[in-house]
Student: 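Dropping the structure in here first, questions after.
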Amino acid sequence: MTISHEAADTVRIRSTEDLLALIPHQVGRQPRNTSVLFFPVADSSALCLSMNSPTVETDPYELGAELAEVLARVRHCGEVVVTVYSDQALEGGMDREAVAAARWECAVERAGLTVLRALVVGPQHWWDLAEPDRALPVELIRDSAVNAQMIALGSAAEPDAPEHHPRWRHRLARRAQHVTRAWERLRTDDGDPAPARTTVPGPTPPTIDPDPRHPLTAWYRAVRCVQADRQHWVDAVLGLSDGHLALLIEGVHDDLVRDALLYAWLSGSTARAAAALAGLRAAMVRLGGGIAGSEPSEDEIDEALRCVVAVAGEWDGPPDWDTLDGAYRVLQVLDGILGAGRDRSPTLPRSWRARGSRWVLEICRIPGRRRVTESRQVTQTPRVTGNP
């Protein structure tokens, strides 16, 4: 979902129905068979984090650690509303959803947060688990004044994410096996696919380092593929090689590269991001007590400082929306591959998706941005007042 709205727009939450009405507009579609965590934050806005619903087999302590990693840079208020969406939640039978909510409560406590409400939403009814025997009709959500307000502001739902669409589900699952193997080879070959220092000189659009093993290069090329064929963007991403897709995810896995990528999308310049990455790597070597191979240039130091400020949420001005939207599309496809790959490979780390979610969260905290969402994402509301 992409929304433009004025900073002064205020959404007033007067009831639980209002909150549930807001969530689909924030995540870009009506959630199905997933969980959404709603976090009030300090500036009277809120964040929505969409994640897979836990099951009986889910370790709540591991889930709590993953949640803490995703929220590591968010200035939230320490409180959360948990909503479990399920097509199987029917009146008189929602045991599985109650288990998922209980796992969330344990995980949230593990992450140092407080659960304000635990809710379940099914096809026809929804429940507050403080009153599990009281089934309320979903029409109350649809008829909420918040739903009407968001539609008036221009909100509209997108189609299902690729991983939920029948056309793409099987293709994503097939590619996951090959991409997983490519990622394993990438890690085995040299441990760190990115050179320690790479500057990408040139005008805008920048001249990209020809090394195809550099994650910044891989991401630049992937985004350009999407920009060149927006009507068939899923095909454009799946048309990339397994090694290319593995490099994209490796970039998300690396903390410094992830920050440099966010900076590239904010500034619209991969050259500036590469300079920032060189400065950040040199700084990390110094902080670790080592000696950098060569001193970073003044430009690299300046860009590294700007990158740190941007990642901290202090970006001043609009980002490069065209690049940001293209990267969001790439992330949607990667998320589907990662979800299928984690189910099929015991060597695939859970942190693949956790790191990706935290990284998308940074995008969605950009002040004055259009709404950018992802199938496992964090999004930010206009100003929110009131209590559900």
Student: Return the set of residues passing side chain to side chain contact (heavy atoms under 4.5 Å, CB included) with Ala65 (not counting sequence neighbours), or none when no residue passes.
Tutor: none

Student: State which residues pass side-chain hydrogen bond (donor to acceptor under 3.5 Å, both in side chains) with Asp87; sequence neighbours excluded, sorted by chain then number.
Tutor: Arg32, Asn33

Student: Indicate if Val99 and Leu67 have the same hydrophobic cluster label, given that clusters are the connected sets of ILVMFWY residues with side-chain heavy-atom separations under 4.5 angstrom.
Tutor: no

Student: Report the hydrophobic cluster partners of Tyr61, with the cluster defined as I, L, V, M, F, W, Y residues connected by side-chain heavy atoms closer than 4.5 angstrom, directly or transitively.
Tutor: none

Student: How about His178 and Arg181: does a side-chain donor come under 3.5 Å of a side-chain acceptor?
Tutor: yes

Student: Arg171: which residues meet the salt bridge (Lys or Arg N to Asp or Glu O under 4.0 Å) condition with it, sequence neighbours left out?
Tutor: Asp235

Student: Taking atom types as modelled, is there a side-chain donor on Arg306 or Tyr263 under 3.5 Å from an acceptor on the other?
Tutor: no

Student: Looking at residues at least two apart in the chain, or sitting in another chain, which of them share a side-chain hydrogen bond (donor to acceptor under 3.5 Å, both in side chains) with Asp299?
Tutor: none

Student: So, using salt bridge (Lys or Arg N to Asp or Glu O under 4.0 Å) as the criterion, who are the partners of Glu131 when residues are at least two apart?
Tutor: Arg134

Student: Crowded around Glu109 CD? As in, over 12 foreign heavy atoms under 6.0 Å?
Tutor: no

Student: What side-chain donor-acceptor pairs closer than 3.5 Å can you find for residues 77-86, not counting sequence neighbours?
Tutor:
residue, atom, partner, partner atom, Å
Ser86, OG, Gln88, N, 3.1
Ser86, OG, Glu97, OE2, 2.6

Student: With Asp320, which residues qualify under side-chain hydrogen bond (donor to acceptor under 3.5 Å, both in side chains), at least two apart?
Tutor: Thr323

Student: Between Leu113 and Phe39, is the side chain to side chain contact (heavy atoms under 4.5 Å, CB included) condition met? List the steps.
Tutor: CA-CA 10 Å; Leu113 306 171; Phe39 299 88; 3.6 Å; yes

Student: Consider only side-chain heavy atoms of I, L, V, M, F, W and Y, link residues closer than 4.5 Å, and tell whether Leu261 and Met284 are in one cluster.
Tutor: yes

Student: Could you pull out all residues at least two apart from Arg230 that satisfy salt bridge (Lys or Arg N to Asp or Glu O under 4.0 Å)?
Tutor: Asp322, Asp325

Student: Just to verify, what does Ala107 make a side chain to side chain contact (heavy atoms under 4.5 Å, CB included) with, not counting sequence neighbours?
Tutor: Leu63, Trp104

Student: Can you tell me how far CD of Glu303 sits from OG of Ser269, rounded to the nearest 0.5 angstrom?
Tutor: 7.0 Å

Student: Evaluate the side-chain proximity of Thr270 to Trp265: yes if any heavy-atom separation is below 4.5 Å, no if none is.
Tutor: no

Student: Would you say the side chain of Leu136 lies within less than 4.5 Å of the side chain of His125, judging by non-hydrogen atoms?
Tutor: no

Student: For Gln231, which residues count as a side-chain hydrogen bond (donor to acceptor under 3.5 Å, both in side chains) partner, sequence neighbours excluded?
Tutor: none

Student: Taking side chain as C-beta onward, heavy atoms only, is Leu256 less than 4.5 Å from Leu277?
Tutor: yes

Student: Go through the steps for Trp126 and Glu17 under the test side chain to side chain contact (heavy atoms under 4.5 Å, CB included), then give the verdict.
Tutor: CA-CA 9 Å; Trp126 66 273; Glu17 292 93 332; 3.7 Å; yes

Student: With a 4.5 Å cut-off on side-chain heavy atoms, are Thr34 and Met51 touching?
Tutor: no

Student: Give me the one residue out of Val36, Leu22, Leu37 that meets side-chain contact (heavy atoms from CB on, under 4.5 Å) with Cys48.
Tutor: Val36

Student: Does the side chain of Leu280 come within less than 4.5 Å of Cys307's, by heavy atoms?
Tutor: yes

Student: Only counting residues at least two apart or in another chain, list the ones meeting salt bridge (Lys or Arg N to Asp or Glu O under 4.0 Å) with Asp18.
Tutor: none

